[in-house]
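Just below is one structure, and these are the notes that go with it.
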Amino acid sequence: MASVSRRTAEDPLDRPSKRHKQGAEKVKGEPIAEDRANPYLAHMFDNSEPLQNGNGGSRGSSTMKGFIRHQTTAKMAHVAEDGPLNPFNEKPLSQKYFDILKLRRNLPVHLQRQEFLDMYHSTQILVFVGETGSGKTTQIPQFVLFDDLPHLTGLQVACTQPRRVAAMSVAKRVADEMDVKLGEEVGYNIRFEDNTGSKTMLKYMTDGMLLREAMNDHNLSRYSCIILDEAHERTLATDILMGLMKEIAVRRPDLKIIIMSATLDAQKFQRYFNDAPLLAVPGRTHPVEIYYTPEPERDYVEAALRTVLQIHATEPEGDILLFLTGEEEIEDACRKIKLEGDELLRETDCGPLSVFALYGTLSPAQQQRIFDPAPPPRKPGGAPGRKVVVSTNIAETSLTIDGIVYVVDPGFSKQKVYNPRIRVESLLVSPISKASAQQRAGRAGRTKPGKCFRLYTEGAYKKELIEQTHPEILRSNLASTVLELKKLGIDDLVHFDFMDPPAPETMMRALEELNYLACLDDDGNLTVLGRMASEFPLDPALAVMLITSPEFECSNEILSLTALLSVPQIFVRPANARKWADEAKMRFAHPDGDHLTMLNAYHAFKSEAAQPDPMAWCRENYLSYRSLTSCDNVRAQLERIMVKNDLLLVSTPFEDKKYYINIRRALCAGFFMQVAKRTGNGKTYVTVKDNQTVLLHPSTVLAQESEWLIYNEFVLTSKNYIRTVTQIKPEWLFEISSVYYDIETFQKGEVRSALVRVLDKQKRQEALNGRSKGKSSKR
DNA sequence: TTGAATGTT
């Protein structure tokens, strides 16, 4: 596919004559309109005389006197790093700094520092491949600092991470390495937490955060270098950023871009970035021996349990990591391994076994327990104890457990899939990719040589597993993404240079959905509503519901509901207390549905009732304290954005009989495309337009008599369920979206006939009243 | 009659 840039060589900004001495002072952090942006600040330092340092002292550096931007050598940097003063702030360096420096110089990347600099000088975009343990995430950004000289240019270096914790912990580590206070020269920026300041020159951030920044500053003009780390994970945000970087690179020849990735797909990245040069650095891991099963396994869970116990009975000391697919499977497996382990302990001379479950919805404290050491031998000199961790693929990338020597890999994980035809995302247990299998095996070689037991045949690995997991962009509903791209100034989505272009049908569905939500007009241009919706970190339907809610006199309540719908489930239902949990939930139940029930629970949480100990109150009421506090956080952020956009925060008085009706109507303003109607048999529902037969999720508080419902999500598991539902009146739907509810667009059938009846009734009513009711669309 | 992998703004 041809690369598309909306600038041409004739663009005045591209003329070399403009590259010098322009607007040296730029107010940091101020968004710049894209066409006014001057991306050439850095060029004043290119190919010019050596920089004059030390004028005034505070920003200059005597240690780096004579450094010329983009001419630094490894030796020069090495000398500057040796002190005695910190090259970036002139403060004396601590002993701790020198201790860490010794370790850093032992990292594999350090040997290739000069090679890296040579390549960095010679190219705008560079692909960097380093295995785990190479030190790339901590060292490369520092190598760049010594070459970009941010203390002189005022421009920053950004390094993105797919996960918040990684951004935070790496920033902390690098601040220590550079002997600076976290938040000053080195900082991090993640949602809800901006730990950077006026001195910040190196910023670790989540990829989603950089994407947000790009929406307000299309040229990312505050950076001299952008490093996209863990690019092989191919998150939605990384994929969009990569496409964006290709465009920005054309507009800003001074901007340096580094794509960092694990080995496998390096060539694909090179090709995508116009044959960018590649630098590869070896990792530092121990060899892992791979074993396959001779025959395919029928039941992978059973085979996994057998393998774990066999390792325990026959292999030397070392902990075991088993990959399974989900919470229930994992808890079940843990129970069985414990039972069998106890039996082995009683009947043989095996050592004791401790078993831990690991998955994302566990609290951080529970997750922490996997780092407990293995149990000691039962008696001195006896067989050593062993730890078994049974985990989802959270242990594949997000969490690293040292001491793992054996990995058991059945070859499956739950993966998101998207069906654009019925606009449904669901989770499916699917075979993993070769890349995942390698990553899993690698987890056995962190501390010493290890073994990986694959519960599939070698033939299956070679012939049946795909090379890479499909990038997320090919497995998602793209409504949000398309809105973001529009806000990023990408008008021609069809020609946007995606590394892997999404299916045209997925793209069309997203455009259609945004058009119905009135975020895009019929020509696909961003509307005022769409522009505003893109400011909110929400799905477009939620954003539209929130923006429209003042019209329904209930923006305070919709604000709470929007936050509630953006955090994990607030109702908890422990396996051993289901009945009590269900009873507790019924105390908050509202007859009109689950949304209002959630709102009741939230209001109770915020009321006197939950005091003085809200955590204990949540426990008693089977509510998740974590979800509710995170809901408060999200709510506060959304409220700030509402105020910024002059959206009023209003409530209908609670005594008013319209209080709940207004909320239900406001819900329809975002979710009018997620409506289901009860069918003749009274048990099943059918979704409007898509005509999918669905069941109410058993967690609903709603009794069966509701004819029309809006639903928050469609969950495809053993059956088709709609979850989190509230009853509505079909008349509201015509008022809210006369376009979507244009009767001509409906197939003949139950839904259409019912809607026709509603319209006829309305007409008779109007004739009777002799006046026309306000039927115009809300927008 | 209840299968929520992992992330992010």
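Since the structure is predicted, the reported quantities are computational estimates derived from the model, not experimental observations.
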- prompt: Can a side chain N or O of R164(A) be found less than 4.0 Å away from OP1 or OP2 on dT9(B)?
  reply: yes

Short side-chain donor-acceptor distance under 3.5 Å, S436(A) and N393(A): no

message: Could you check whether T400(A) and R443(A), counting side-chain N and O atoms only, form a donor-acceptor pair closer than 3.5 Å?
response: yes

query: Just how far, in rounded Å, is C1' of dA5(B) from CZ of R475(A)?
result: 9 Å

message: Please list, in numerical order, the residues of residues 324-332 of chain A that have a heavy atom closer than 4.0 Å to any atom of DNA chain B.
response: T325(A), G326(A), E327(A)

- prompt: Do L709(A) and T726(A) pass the side chain to side chain contact (heavy atoms under 4.5 Å, CB included) test, and can you show the C-alpha distance, the side-chain angles, and the key distance before you say yes or no?
  reply: CA-CA 5 Å; L709(A) 301 174; T726(A) 286; over 6 Å; no

- prompt: Between the side chains of Y622(A) and D582(A), does any donor sit under 3.5 Å from an acceptor?
  reply: no

- request: Could you tell me whether E513(A) and R509(A) make a salt bridge, using a distance below 4.0 angstrom between a side-chain N and a carboxylate O?
  value: no

query: How are the rings of Y721(A) and H697(A) set to each other: parallel, tilted or perpendicular (split at 30° and 60°)?
result: perpendicular

Check: R191(A) side chain, dT9(B) base, donor-acceptor under 3.5 Å: no

message: Please determine whether any donor N or O and acceptor N or O are separated by less than 3.5 Å between the side chain of R573(A) and the base of dT2(B).
response: yes

field: Distance below 4.0 Å between S699(A) side-chain N/O and dT1(B) OP1 or OP2
entry: no

P537(A) side-chain proximity, nearest of dT8(B), dT9(B), dA5(B): dT9(B)

